[in-house]
Amino acid sequence: MQITQLRNATLLLEFTSAEGRPVGLLVDPMLAPRGTLPALRYLGAGRQRNPIVDLPAGTDEALERVTHALITHCQRGHFDHLDRAGKRFLRERQIPVVCMPRDTAYLAQRGLSVLPLSGAVRQPFALGGHITPIACVHGPGWVGRFMEHGHGYLLELPGEPSVYLAGDTMLTPGVAECLAQLRPDVAVLPAGGARFDVGAEILMDAADMAEAAALTPGLLVVNHLQALDHCPTTRTAVRALAEQGGWAHRLWVPEDGERRSFVQAAEPVCY
């Protein structure tokens with residue numbers, strides 16, 4: 001299995017299907033050029049148009065390997081997980097898109113080829129093995145009422161390490177249960193510490209990564225960093241906390257464009 005971090009929450013997960021075919025599963029494609037999407041902060045010097053970085057070198061090559069897509073959430077203005085450029089890419093290539101039932105009509109109305117899941121239960125995955133949706137909580141209290149919460153996914157694929165793709169979420173009891181009891185070999189977690197001008201954080205941050213590391217013996221892959229104007233957590237901060245806590249050997253904080261291979265024993269091999 002290979003994971004290529006593209007930008008923010010957009011990544012490419014590559015593995016072999018149950019039929020022996022290569023699969024390139026594109027997660028939450030935000031493909032717009034730098035600075036072409038709205039700012040997510042409105043006050044202060046940190047306000048910038050998004051995304052605040054370009055797509056990395058090698059993106060076009062990676063996108064050529066895409067065979068399917070997986071969406072965690074996409075409504076209520078969440079362009080950072082599916083923007084117009086992402087929709088256009090999926091529509092023009094007629095890429096089958098796996099999503100939750102709530103998003104089926106929304107995506108189909110935009111001309112996408114949709115493969116809806118049957119709900120928030122463990123179920124056979126169209127590409128082999130099983131998929132389990134894990135509910136996200138994308139912000140607490142009053143701010144959470146304005147958010148699209150969505151789902152993350154636990155993928156259990158034949159001959160591959162199990163992978164938990166968290167989606168945008170706080171470190172909730174449900175997420176903690178997934179890490180501690182389902183024990184994914186690899187957990188991809190968002191650590192941007194996102195927040196708007198007012199209200200609490202709506203995403204995990206570096207401190208939450210330390211808590212997550214204490215819950216699971218598996219490897220942690222951290223993303224949603226340094227791509228949007230409302231995500232202050234840096235890669236350096238996450239790496240430093242891991243060094244202090246003694247779990248850096250189980251952490252991968254990829255740079256945009258970086259690719260890594262994982263085997264079932266969950267020992268990473270760098271490309």
Next item on the list: Begin from the C-alpha positions of L70 and Y153 and carry the test side-chain contact (heavy atoms from CB on, under 4.5 Å) through to its verdict.
Entry: CA-CA 9 Å; L70 180 67; Y153 303 99; 3.6 Å; yes
Check: Which pairs, with at least one residue in residues 236-250 and sequence neighbours excluded, count as a salt bridge (Lys or Arg N to Asp or Glu O under 4.0 Å)?
Finding: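 Sorted result for residues 236-250: R239-E255.
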Polar side-chain atom of [X] near backbone of [Y] as donor-acceptor pair, under 3.5 Å:
X	Y	answer
N8	D80	yes
R34	I52	yes
R259	T4	no
E19	S17	no

Item checked: Candidates L220, D205, V222 - the one meeting side chain to side chain contact (heavy atoms under 4.5 Å, CB included) with V238 ->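 The single option meeting the side chain to side chain contact (heavy atoms under 4.5 Å, CB included) with V238 is V222.
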Next item on the list: Please step through side-chain contact (heavy atoms from CB on, under 4.5 Å) for the pair R260 and I3, ending with a clear verdict.
Entry: CA-CA 5 Å; R260 184 168 286 196; I3 295 176; 5.7 Å; no
Closest contact, heavy atoms only, [X] versus [Y]:
X	Y	answer
A69	I95	N-CG2, 3.7 Å
F89	L63	CZ-O, 3.7 Å
G174	I134	O-CG2, 4.1 Å
A9	H224	CB-CD2, 4.1 Å
D54	R7	C-NH1, 3.6 Å
L154	P184	CD1-CB, 3.8 Å

Notebook entry, point to check: Do other residues, nucleotides or ligands put more than 12 heavy atoms under 6.0 Å from R235 CZ?
Noted result: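 Correct, the count exceeds 12.
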Note to self: Side chains of D28 and T72: any donor to acceptor distance under 3.5 Å?
What the structure shows: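 T72 vs D28: donor-acceptor pair found between side chains.
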Margin query: Quick check: is V175 connected to L182 through a chain of hydrophobic side chains (ILVMFWY, heavy atoms under 4.5 Å apart)?
Written below: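 L182 clusters together with V175.
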Margin query: Evaluate M30 against L228 for side-chain contact (heavy atoms from CB on, under 4.5 Å), listing each step before the verdict.
Written below: CA-CA 11 Å; M30 178 181 66; L228 301 174; 4.2 Å; yes
